[in-house]
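Inspection log for the structure reproduced underneath, given as structure tokens.
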Protein chains: 2
Amino acid sequence: MGLVAALVRSSFLVHAVYAQAARDDGLTPQQGQLLCVLMAQPYGMGELCSMLGLAKSSLTGLVDRTENNGLVRREPDPRDSRAVRVALTPRGARLADRFYTEACRRIEELPAGLDPAERDTLAGLLGRIVLDHKVPAVFAEPDQASPGG
Amino acid sequence: MGLVAALVRSSFLVHAVYAQAARDDGLTPQQGQLLCVLMAQPYGMGELCSMLGLAKSSLTGLVDRTENNGLVRREPDPRDSRAVRVALTPRGARLADRFYTEACRRIEELPAGLDPAERDTLAGLLGRIVLDHKVPAVFAEPDQASPGG
DNA sequence: TGGTTGTGGTTCGTACTGCGAACCAGTACG
DNA sequence: CGTACTGGTTCGCAGTACGAACCACAACCA
């Protein structure tokens, strides 16, 4: 298989697994992403836009829907009365944790046919590609999932 | 970077590049996919469903829209008067070719920082992951792009 | 030959995604 | 102060995707 085909097809595979994990937790992939990003800390709408690569108007809707589901909350920014901080609700935090853990587990299973050394090689090569390009930090590294403990 | 994060983020990267290539040709990613699949030969709706991993009703809409854009055509199946063959129109074929070539070019550029041996290794590892799982054949290998000339 | 069952596709209603343009409110700068 | 900029929302639009219901034909069997 050529490198292009391998990249494209593996990317579809990962996306499908990710989407299914979200679905199993009653989330859309986008809502899952939002929760994962907010696991680290609350963010303003503008920050979320650039992190998720969305237009402002798209994000408003996404946050609206996720808020209606009781998973996130808009809090006023004490420093700027126009601005808003989007934060996880307790329920959202629990669900984010669950979803994140499970999504990682499933994706980690994908390279089951590779031995540890090969996994390492793969992680290294993909990591270099990712770092060579501007990729929104949509999915924290497992090791950094809970920064600050 | 952990393997999970590398997989997820590279998958977002590939998807973004793919989507942008489609957009530059006036296509949505889904329509681009449809065209790419049909480059090989016409298919029935059912076949397309399983190849693209979509529900029947979703595919009807996708084909409708692509047909309205003049890129594909529904032809009656001579063997089954219920069935339909979806085929590229001449314009669709030209556009498919253009899009496919360009998308491949851009994706091929992603691992620019890797030397040939590393690319080979990466293709091999990803290829094994893909083959280990049921991944719809959404993107033909470059070498097989124009089967039968 | 005729009825039942299965299959290929479409239609319909619903929810979500994503964008740009227009807009409002509050901040920052002059 | 007034003007420009910025953070967010609203609105209209097009596309994506699903399941349920449905139709027409095919396939099978009695």
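Just so it is clear, the values below take in all heavy atoms, side chains as well, and ignore hydrogens, waters and symmetry mates.
Pairs passing the salt bridge (Lys or Arg N to Asp or Glu O under 4.0 Å) check and including a residue from residues 34-43 of chain B, sequence neighbours excluded, do not occur. For residues 39-63 of chain B, the salt bridge (Lys or Arg N to Asp or Glu O under 4.0 Å) pairs, not counting sequence neighbours, are B:E47-B:R85. Residue pairs meeting the salt bridge (Lys or Arg N to Asp or Glu O under 4.0 Å) criterion with at least one member in residues 21-30 of chain B, sequence neighbours excluded: B:D24-B:R106, B:D25-B:R98.
Summarising the geometry, the separation between CD on A:Q20 and C1' on D:dA17 is reported as 14 Å, rounded to the nearest angstrom.
Legend: residues meeting side chain to side chain contact (heavy atoms under 4.5 Å, CB included) with A:R74, ordered by chain and number and at least two apart, are A:M45, A:T60, A:V63, A:D64, A:E67, A:V84. Annotation: side chain to side chain donor-acceptor pair (under 3.5 Å) contacts of B:R65 (sequence neighbours excluded): none. Under the side chain to side chain contact (heavy atoms under 4.5 Å, CB included) criterion, B:P76 pairs with no residue at all, not counting sequence neighbours. Under the rule for a side chain to side chain contact (heavy atoms under 4.5 Å, CB included), the partners of B:E109 that lie at least two apart in sequence or sit in another chain are B:R105. Scanning for side chain to side chain contact (heavy atoms under 4.5 Å, CB included) contacts around B:S81 gives an empty result, with sequence neighbours left out. For A:D132, there are no side chain to side chain donor-acceptor pair (under 3.5 Å) partners two or more places apart in sequence or in a different chain.
Rounded to 10 degrees, the angle between the two end axes of the helix from C:dT1-D:dA30 to C:dG30-D:dC1 is 10°, with five pairs used at each end.
For the segment residues 74-83 of chain A, residues with any heavy atom less than 4.0 angstrom from an atom of DNA chain C are, sorted by number, A:D80, A:S81, A:R82.
Taking a heavy-atom distance under 4.0 Å as the criterion, the stretch of DNA chain C touched by chain A extends 5' to 3' from C:dC16 to C:dT27.
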